[in-house]
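Data first, discussion second: the structure below is written as structure tokens.
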Amino acid sequence: MSEPAEDDDIDCRAASHLLSAAQDAPLPPDDERRLLAHLTACSMCRNVQGQLGVLRDALRKLGRGD
Ligand SMILES: [Zn+2]
């Protein structure tokens, strides 16, 4: 087993930045992997992700003029 790389350990600030970036464009695989690893461990950021998902869904409905 290999030791976890310190580089993979992002904090909540970095995670929220990646979540915001992911709204605009798909994340690079490395960033996505780090973000998912953080979301697995951090319920607070999972909550943020859920809110962004709801927000994006709402914006999509507005865009359709529905
Ligand atoms: Zn977090």
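Order of appearance sets the numbers: ligands from 1, and atoms from 1 within every ligand. Atoms considered below: every heavy atom in the structure, side chains included; atoms not considered: hydrogens, waters and symmetry mates.
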side-chain contact (heavy atoms from CB on, under 4.5 Å) against A41, all qualifying residues, sequence neighbours excluded: none

By side chain to side chain donor-acceptor pair (under 3.5 Å) - contacts of R33 (at least two apart): D8

What are the protein N/O/S atoms, named by residue and atom, that sit under 2.8 Å from the Zn ion (ligand 1)? C12 SG, H38 NE2, C42 SG, C45 SG

Is the shortest side-chain heavy-atom distance between H38 and C12 below 4.5 Å? yes

Where C45 and L19 come nearest, the two heavy atoms and their spacing: O-CD1, 3.9 Å

Under the rule for side chain to side chain donor-acceptor pair (under 3.5 Å), what residues qualify as partners of D31, not counting sequence neighbours? R34

Shortest non-hydrogen contact from L27 to L35? CD1-CD2, 3.6 Å

